[in-house]
Peer 1: 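The structure follows.
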Amino acid sequence: MSTELDAIPSIIPTRRDDAIGALEKMVSQGLGWARKYSLFQYPFVTACCGMEYMTLASARYDLDRFGAALPRFSPRQADLLMVVGTVNCKQAPILRRVWESISEPKWVMAFGVCASSGGFYDNYATVQGIDRIIPVDVYVPGCPPRPEQVLDGIMMLQAKIQGQHHQLTEGKPLPVLGQAPRQR
Amino acid sequence: MATIVIDALVARFRDPVKGDGVTGASVGAGGDDTAFVTRERLLEVCQFLRDDPGMQFNMAPYITAVDYLGQEPRFEVVYNLLSTTRNWRVRLRVKVSEQDAVLPSVCGLWRGANWFERYCFDMYGISFTGHPDLRRLYMYDEFVGHPLRKDYPLRGRQPLVTELEVPEEQFRGPGPARRSE
């Protein structure tokens with residue numbers, strides 16, 4: 001027997017909730033705007049696509065226009081992992097470890113057809129796409145891709161970042177060295 | 001030009017009692033001079049080619065193997081030698097059977113042969129006695145089998161980390177997709 005109580009949603013948004021939600025949305029949008037224009041990349045360059053990556057990063061195509069200028073050669077300082085080139089089975093644990101070392105928030109771009117799907121290296125040694133190892137946000141096809149394609153991929157990634165939910169803190173206190181994390 | 005080398009090899013390693021060290025030879029253009037050498041006298045032939053003042057083959061630019069599946073003996077190891085003083089090239093071919101795929105190492109003669117012999121061991125499973133460090137060169141130690149043998153499956157991948165599920169498997173042409181199939 002249905003009563004009128006069933007029609008009431010379990011969480012009733014109040015004006016306070018609305019206000020907090022709107023504020024969080026504003027913060028999320030602002031953080032997304034900040035994060036999409038300050039992509040610090042970690043180039044995981046393994047093969048010939050690296051040449052195209054150099055063209056992309058240098059003056060003619062100028063990745064700096066999109067805020068992704070500075071390659072960081074430590075995964076701790078990066079937030080965009082660009083897998084540039086073929087990844088074989090021997091390298092898969094290395095790639096996984098680099099991806100785990102990057103702190104949140106992090107995004108992954110598969111640069112070129114080998115990183116996306118293994119390409120024509122359908123043999124005993126090659127991983128058939130890095131999405132079998134790590135989750136991927138943007139795939140850029142091409143062997144190697146034109147720099148314009150990669151710029152397009154960067155812009156699509158920026159749109160994706162803008163649409164994602166961001167928050168200032170996770171609501172967790174920072175861990176203190178030598179102490180168990182406090183429960184909130 | 002390098003007919004001298006082939007003639008010298010055939011003449012020097014002729015042995016009616018124990019069998020010829022060089023079982024066959026052919027002269028070709030552009031470094032295609034080839035001598036078929038027996039496994040037992042391979043080191044002797046190499047030593048002669050390197051140390052004889054008329055030869056001075058002081059470099060082994062490439063050593064590889066071939067798998068003739070279905071023939072006996074099954075494998076053939078190919079030594080490409082170069083004399084930098086005379087600008088001669090010669091190719092030695094040694095047949096090895098599958099059951100006894102062992103050759104003497106030439107690392108003592110040419111240090112550069114080290115990685116080539118490791119390569120042959122990795123890809124074809126031919127071992128070399130006297131090699132200082134016979135490990136796999138390209139594949140990882142966990143890998144089972146030798147991938148360039150003709151009876152190894154084309155897509156016999158042996159992943160080191162557990163792979164994530166990929167939504168749809170694409171058709172990639174005929175042949176088994178995994179080693180177990």
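Letters A, B, ... mirror the listed sequences (proteins, then strands); counts begin at 1.
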Peer 1: Distance check, rounded to the nearest 0.5 Å: A/Cys89 atom SG versus B/Glu163 atom CD?
Peer 2: 6.5 Å
Peer 1: Output the residues of residues 101-140 of chain B for which the shortest heavy-atom distance to chain A is under 4.5 Å, in residue-number order; output 'none' if no such residue exists.
Peer 2: B/Met123, B/Leu137, B/Tyr138, B/Met139, B/Tyr140
Peer 1: Under a single-linkage definition using a 4.5 Å side-chain heavy-atom cutoff for Ile, Leu, Val, Met, Phe, Trp and Tyr, are A/Val108 and A/Leu157 assigned to the same hydrophobic cluster?
Peer 2: no
Peer 1: Side-chain heavy atoms under 4.5 angstrom apart, residues restricted to Ile, Leu, Val, Met, Phe, Trp, Tyr: same cluster for B/Val78 and B/Leu43?
Peer 2: no
Peer 1: Using the rule that Ile, Leu, Val, Met, Phe, Trp and Tyr join whenever any side-chain heavy atoms are under 4.5 Å apart, tell me whether A/Met82 and A/Ile102 fall into a single cluster.
Peer 2: no
Peer 1: Report yes or no: do B/Phe143 and A/Val127 belong to one cluster of Ile/Leu/Val/Met/Phe/Trp/Tyr joined by side chain heavy-atom distances under 4.5 Å?
Peer 2: no
Peer 1: Do A/Ile130 and A/Val113 belong together in a cluster built from hydrophobic side chains that touch within less than 4.5 Å?
Peer 2: no
Peer 1: Hey, is B/Arg157 close enough to A/Asp122 for a salt bridge, meaning N to O under 4.0 Å?
Peer 2: yes
Peer 1: So how far is it from A/Lys90 NZ to B/Gln158 CD, rounded to the nearest 0.5 Å?
Peer 2: 13.5 Å
Peer 1: Considering residues at least two apart in sequence or located in another chain, which fulfil the salt bridge (charged side-chain N to carboxylate O under 4.0 Å, His left out) criterion with B/Asp151?
Peer 2: B/Arg74
Peer 1: Show every donor-acceptor pair shorter than 3.5 Å between a side-chain atom in residues 91-99 of chain A and any protein atom, with sequence neighbours excluded, or say none if there are none.
Peer 2:
unit_1	atom_1	unit_2	atom_2	d
A/Arg96	NE	A/Ile133	O	3.2
A/Arg96	NH2	A/Ile133	O	3.4
A/Arg96	NH2	B/Thr162	O	3.3

Peer 1: So if I take each residue of residues 19-55 of chain A and look for any heavy atom under 4.5 Å from a heavy atom in chain B, which residues do I end up with?
Peer 2: none
Peer 1: Are more than 12 heavy atoms, taken from residues, nucleotides or ligands other than B/Phe48, located less than 6.0 Å from that residue's CZ atom?
Peer 2: yes
Peer 1: More than 12 non-hydrogen atoms from neighbouring residues, nucleotides or ligands closer than 6.0 Å to CZ on A/Arg60, yes or no?
Peer 2: no
